[in-house]
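Single-structure report; data block below.
Bear in mind the structure is a predicted one, so any value in this text is a computation, not a measurement. First listed ligand is number 1; within each ligand, the first listed atom is number 1.
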Amino acid sequence: MSTGAMSLATPSTLVGLLWPSRDDARFAALRAIVLMVAGSALLTISAKVQVPLPYVPMTMQTMVVLLIGASYGLRLGGATVALYLAEGAMGMPVFANTPPMAAGISYFFSPTGGFLFGFLAAALVMGFMAERGWDRSLGRVIVMMTIGHAVIFAVGLSWLSAIMPFAKAWTVGAAPFIAATLVKTALAAALMQAAWTVTRRKNASR
Ligand SMILES: O=C(O)CCCC[C@@H]1SC[C@@H]2NC(=O)N[C@@H]21
């Protein structure tokens with residue numbers, strides 16, 4: 001593997017097994033672009049599936065971020081979330097509060113900016129763990145998704161508590177999301193398990 005796109009492919013990941021790359025630079029580049037665009041589109045949709053709350057809305061983004069990291073792997077997952085952030089930085093209305101807020105660099109300084117950087121960190125951590133097999137058993141995938149959520153909240157809350165007192169940051173940025181985060185962790189783990197079951201069956205019948 002010699003090109004950048006080929007180095008994004010990781011055969012040990014779920015997506016690497018379901019849609020393997022090839023030792024062909026053009027195919028590898030096209031595959032990486034398709035997966036990154038599809039992943040960033042899914043993230044945009046997940047931002048719009050939301051319950052509006054003061055300062056920080058409830059969305060489906062964390063679940064999609066964790067699934068992208070876990071199924072794409074470290075580099076492709078990280079590149080996909082980086083593309084999503086770049087789209088928002090360039091003014092595309094991909095984030096939860098765009099509209100009413102305008103997208104662009106200034107959005108990252110809004111109350112949810114820290115969560116967005118947390119998404120990138122969590123996708124990298126999920127990809128790193130998935131490439132080491134943490135996504136393949138139910139117990140480990142639950143631990144993995146819990147760590148991913150913890151990373152998102154650690155970065156998001158650190159940012160929020162830089163612009164408001166920590167008690168308020170907790171009240172608006174963590175407390176309302178605890179139950180939903182448990183549900184999203186369980187759902188993400190169940191989806192990874194189901195995807196691995198299908199992948200193993202598919203590979204066994206080859
Ligand atoms: O502005 C954005 O697009 C990011 C929104 C971040 C929402 C955070 S992520 C963690 C927590 N769980 C949710 O459902 N909402 C918040």
Side-chain angles (χ1 to χ4, degrees), residues 36-70 72 77-127 129 141-192:
M36 286 166 64
V37 170
S40 67
L42 264 182
L43 271 169
T44 303
I45 295 166
S46 70
K48 308 301 175 187
V49 180
Q50 63 169 266
V51 179
L53 294 171
Y55 295 99
V56 184
M58 188 176 290
T59 72
M60 292 302 284
Q61 286 156 297
T62 60
M63 197 183 88
V64 174
V65 162
L66 301 186
L67 288 173
I68 286 173
Y72 281 22
T80 301
V81 177
L83 171 66
Y84 174 65
L85 300 185
E87 288 168 355
M90 288 184 300
M92 291 169 66
V94 296
F95 298 142
N97 287 327
T98 57
M101 288 176 65
I105 302 280
S106 61
Y107 188 91
F108 294 103
F109 296 94
S110 76
T112 62
F115 290 104
L116 293 170
F117 288 107
F119 292 166
L120 181 58
L124 292 170
V125 172
M126 294 301 93
M129 293 182 81
V141 87
I142 289 173
V143 172
M144 184 177 156
M145 299 295 168
T146 304
I147 291 173
H149 270 124
V151 168
I152 293 170
F153 278 102
V155 182
L157 273 184
S158 303
W159 175 245
L160 259 185
S161 54
I163 58 178
M164 60 181 70
F166 182 78
K168 183 164 184 195
W170 179 268
T171 304
V172 300
F177 306 112
I178 293 171
T181 298
L182 295 177
V183 173
K184 282 186 262 183
T185 298
L187 204 56
L191 283 171
M192 283 305 288

inquiry  = Is the shortest side-chain heavy-atom distance between F119 and L124 below 4.5 Å?
reply    = no

inquiry  = Could you tell me, atom by atom, which parts of ligand 1 come under 4.0 Å of a heavy atom of A96?
reply    = 1 (O), 2 (C), 3 (O)

query = Any side-chain heavy atom of W159 within less than 4.5 Å of one from F109?
reply = yes

message = Counting C-beta onward and ignoring hydrogens, is there a side-chain heavy-atom pair between L43 and I68 closer than 4.5 Å?
response = yes

ask   = Nearest protein heavy-atom contact for atom 5 (C) of ligand 1: which residue, which atom, what distance?
value = Q61 OE1, 3.4 Å

ask   = So which protein heavy atom does atom 8 (C) of ligand 1 come closest to, and at what separation?
value = V56 CG1, 3.7 Å

query = Hey, which atoms in ligand 1 end up nearer than 4.0 Å to a heavy atom of T59?
reply = 13 (C), 14 (O), 15 (N)

request  = May I ask you to decide if the ring planes of F108 and F117 are parallel, tilted or perpendicular, using 30° and 60° as cut-offs?
outcome  = tilted

key: Q50 side chain to A96 backbone, donor-acceptor under 3.5 Å   = yes

key: Whether K184 lies under 4.0 Å from ligand 1, heavy atom   = yes

ask   = Could an N or O of ligand 1 be found under 3.5 Å from any N or O of N97, whether backbone or side chain?
value = no

Main-chain N/O of F95 paired to K48 side chain as donor or acceptor, under 3.5 Å = yes

task = Might you point out which heavy atoms bring M58 and P176 nearest each other, and give the distance in Å?
result = CE-O, 3.3 Å

message = Just to be sure I'm reading this right: ignoring hydrogens, which of L157, T62, L53, V94 gets closest to atom 9 (S) of ligand 1? Compare them by their nearest heavy atoms.
response = T62

query = Which of the atoms in ligand 1, numbered in the order shown and given with their element, are less than 4.0 Å from a heavy-atom of F95?
reply = 3 (O)

message = Residue-level breakdown please: for A47 versus ligand 1, do any non-hydrogen atoms fall below 4.0 Å on the side chain, on the backbone, on both, or on neither?
response = neither

ask   = Is the closest heavy atom of P57 to ligand 1 under 4.0 Å?
value = yes

query = So which heavy atom in the protein is nearest atom 11 (C) of ligand 1, and how far is it from that ligand atom?
reply = F153 CZ, 3.6 Å

key: Closest candidate by heavy atom, reference atom 2 (C) of ligand 1, pool F115, F119, Y107, Y84   = Y107

task = Within a distance under 4.0 Å of any heavy atom of L116, pick out the atoms of ligand 1 and give their elements.
result = 2 (C), 3 (O), 4 (C)

remark   = atom 13 (C) of ligand 1: closest protein heavy atom, distance to 0.1 Å, is F177 CD2, 3.5 Å

request  = Compute whether any side-chain donor of one residue and acceptor of the other, for T62 and H149, lie under 3.5 angstrom apart.
outcome  = yes

query = Which pairs pass side-chain hydrogen bond (donor to acceptor under 3.5 Å, both in side chains) with one or both residues in residues 77-105, sequence neighbours excluded?
reply = S40-E87, Q61-Y84

